[in-house]
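A quick write-up on the structure given underneath.
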Amino acid sequence: VQLQASGGGLVQPGGSLRLSCAASGNIFVFNDMGWYRQAPGKPRELVAHITRAGSRYYADSVKGRFSISRDIAKNTVNLQMNNLKPEDTAVYCCKATMTSDYWGQGTLVTVSS
């Protein structure tokens, strides 16, 4: 299983970014897929995840601003991030869970004016 994350970059506060996590195979083999982030000096935290059945979870800090979705045809899980804040600055990684956890490489999101 390989996961490829993309879409990070530099954005001004209030801006938007869309992250994508492309899996090497059918994403329905996973029990759930999610996005985590780690800011400098802080522990990694769960941002959002989506289960095979389509249930979604969001961290309180991103509710109403971030949205997780799936593109089944492309085997990707996407994270639409709107109204970004400086405190959203972090390395974002995707994870897929089956019998084991699989991690993609991180993509850096920097929110700064």
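Since we're looking at a predicted model, the values are computed, not measured. If you read the sequence from its start, that first residue is 1, and numbering goes on from there.
Judged by distance alone, the side chain of Arg65 and the main-chain N or O of Asn83 form a donor-acceptor pair under 3.5 Å. Here the side chain of Arg56 pairs no donor or acceptor atom with the backbone of Thr51 at under 3.5 angstrom. Judged by distance alone, the side chain of Thr89 and the main-chain N or O of Val111 form a donor-acceptor pair under 3.5 Å. A donor-acceptor contact shorter than 3.5 Å is absent between the side chain of Gln105 and the backbone of Cys93. Although no hydrogens or angles enter the test, the distance criterion places no donor-acceptor pair under 3.5 Å between the side chain of Thr76 and the main chain of Ala22. Without hydrogens or angle criteria, Thr110 side chain to Leu10 main chain gives no donor-acceptor distance under 3.5 Å.
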For side-chain contact (heavy atoms from CB on, under 4.5 Å), just list the numbers for Leu46 and Tyr57, CA-CA rounded to whole Å, side-chain angles, deciding distance to a tenth of an Å, and then say yes or no. CA-CA 9 Å; Leu46 173 63; Tyr57 163 86; 3.4 Å; yes
side-chain contact (heavy atoms from CB on, under 4.5 Å) assessment of Ile50 paired with Ser55: CA-CA 5 Å; Ile50 183 167; Ser55 297; over 6 Å; no
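Among residues two or more places apart in sequence or in another chain, the salt bridge (Lys or Arg N to Asp or Glu O under 4.0 Å) test is passed with Lys85 by none.
Side-chain polar atoms of Lys95 and Tyr36 form a donor-acceptor pair below 3.5 angstrom. The closest side-chain donor-acceptor pair between Asn31 and Thr97, if any, does not fall under 3.5 angstrom. Side chains of Gln80 and Asn78: a donor-acceptor N/O pair is absent below 3.5 angstrom, by distance only.
Residue Pro13 comes nearest to Ser112 through the heavy atom pair CD-C, 3.6 Å, listed as atom of the first residue, atom of the second, then distance. The two residues Ile68 and Tyr58 make their nearest non-hydrogen contact at N-OH, 2.9 Å. Residues Arg18 and Ser69 approach most closely at NH2-OG, 4.1 Å, considering heavy atoms. Closest heavy-atom contact between Leu3 and Cys21: CB-SG, 3.9 Å. Shortest non-hydrogen contact noted between Phe28 and Arg70 is CE2-NH1, 3.6 Å. Scanning all heavy atoms of the two residues, the minimum distance from Thr107 to Ser6 falls at OG1-C, 4.2 Å.
The stretch residues 31-48 participates, sequence neighbours left out, in these salt bridge (charged side-chain N to carboxylate O under 4.0 Å, His left out) pairs: Arg37-Glu45, Arg37-Asp88.
There is a path of hydrophobic side-chain contacts, each under 4.5 Å, that joins Leu84 to Leu79. In terms of hydrophobic clustering, with Ile, Leu, Val, Met, Phe, Trp and Tyr side chains grouped at heavy-atom distances under 4.5 Å, Tyr102 and Leu19 are assigned to a common cluster. Hydrophobic clustering places Val62 together with Val11 (ILVMFWY residues linked when any side-chain heavy atoms are closer than 4.5 Å, directly or through intermediates). Residue Ile27 is grouped with residue Tyr92 when hydrophobic side chains (ILVMFWY) are merged at heavy-atom distances under 4.5 angstrom, including chains of intermediate members.
In this structure, Glu87 places its CD atom where more than 12 heavy-atom neighbours from other residues, nucleotides or ligands lie under 6.0 Å away.
Ring to ring, Trp35 and Phe66 are not that close: their centroids are 6.0 angstrom or more apart.
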